[in-house]
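Positions are given from 1 along the sequence. All ligand and atom numbering here is 1-based and tracks the order in the structure. Heavy-atom basis, side chains included; hydrogens, waters and symmetry copies ignored. Not measured: the values here are computed from a predicted model.
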Amino acid sequence: MTTLPGSVVTRFAPSPTGLLHIGHARAALIAAQAAGPNGKFLLRIEDIDQGRCRPEFTPAIFEDLAWLGLSWPEPVRRQAAHFADYEGPLQTLRARKLIYPCFCTRGDIRREIESAGHAPHRLQNQGPDGPIYPGTCRNLDPMEAAGRMKGCTPFAWRLDVARARSTVGELTWHDERAGTVNATPEIFGDVVLARKDTPTSYHLACTWDDALQGVTLVTRGEELFAATHVHRLLQALLGLPTPQYAHHGLISWPDGKKFSKSDRAITLRSLREAGHSADTVRRMALGELALPMASA
Ligand code: GLU
């Protein structure tokens, strides 16, 4: 994939877990607008979560985006078709002893946090994705870990974030609204880079693919702002370029309540079937027109 020097490459990267809704339309339109007429707008299907993603939603995404008036180059990258690609970066990190196998179940993690005298809901144990991993498997005896892996105990690969940080020093990234941001990936604790059920994770697959696809500007909703701290660390560890970031505000209901990802009330399909034109829906998505109903 070649890009003209200086031309902007953006992407919209939905997970096919349901029909696209007005919040997705906003993210897609902002990415396409940011690419502008001379840049490139990519579509990527982030379908690594085989439990939550459904194959029928991928063609529905294509159909809804085309109806909105968007176009993108083919082939569209579908992450689940490229699981082998994420083995290379994991191997690099493994060779540098920056990741370790973690055999803990959710229950183990909860019990460990509780036995350390902290309630899991207490603020200091909470990262942006939930309770911070207490580090149980970080110092597991390597022989013991190897034995469990051989014995087919399911395991995830976690990043030793303190060790990883110490190898790269201070890091910053740039967000269009926030300006220069100091990277603080430690707020997540030792994040999972390859899950028990999937040989990668959102953080690894997204960071790797943004670099692989030559994305120069990552636009996405502000709910993913914190994730960029981890992505910046992975870029430094793996020698990947750092794109610019523009985390945008989320769409609101007419009563001011933020529209959330789990809010399935306004799908593009239902708006289309209710007779709204693509132009009207585009304007709703960009906040130029109010949504046709209040939050539930
Ligand atoms: N696949 C993610 C989602 O649907 C978006 C990831 C991103 O834009 O970085 O929430």
Sort out for me which residue in Arg138, Arg163, Arg158, Arg165 forms a salt bridge (Lys or Arg N to Asp or Glu O under 4.0 Å) with Asp190. Arg138
Sub-3.5 Å donor-acceptor pair from the side chain of Lys196 to the main-chain atoms of Cys102, do we have one? no
Numbered atoms and elements of ligand 1 in range of Tyr202, under 4.0 angstrom, heavy atoms: 6 (C), 7 (C), 9 (O)
Option among His203, His231, His229 that satisfies the ring pair (Phe, Tyr, Trp, His ring centres under 6.0 Å) test with Phe188: His203
Would you mind telling me which of Arg111, Glu112, Arg106 makes a side-chain contact (heavy atoms from CB on, under 4.5 Å) with Asp108? Arg111
Side chains of Gln213 and Arg77: donor-acceptor distance under 3.5 Å anywhere? no
Looking at non-hydrogen atoms alone, which of Arg220, Gln79, Glu46 comes nearest to atom 1 (N) of ligand 1? Glu46
Check whether Arg177 reaches the backbone of Ala246 with its side chain - one donor and one acceptor, N or O, closer than 3.5 Å. no
Answer with yes or no whether Arg11 contacts ligand 1, where contact means a heavy atom under 4.0 Å from a ligand atom. yes
Does Phe12 have a heavy atom less than 4.0 Å from any atom of ligand 1? no
Is it the case that ligand 1 has an N or O less than 3.5 angstrom from some N or O of Leu224? no
What atoms in ligand 1 come closer than 4.0 Å to a heavy atom of Cys206? 9 (O)
With heavy atoms under 4.0 Å as the rule, classify the contact between Ser15 and ligand 1 as side chain, backbone, both or neither. both
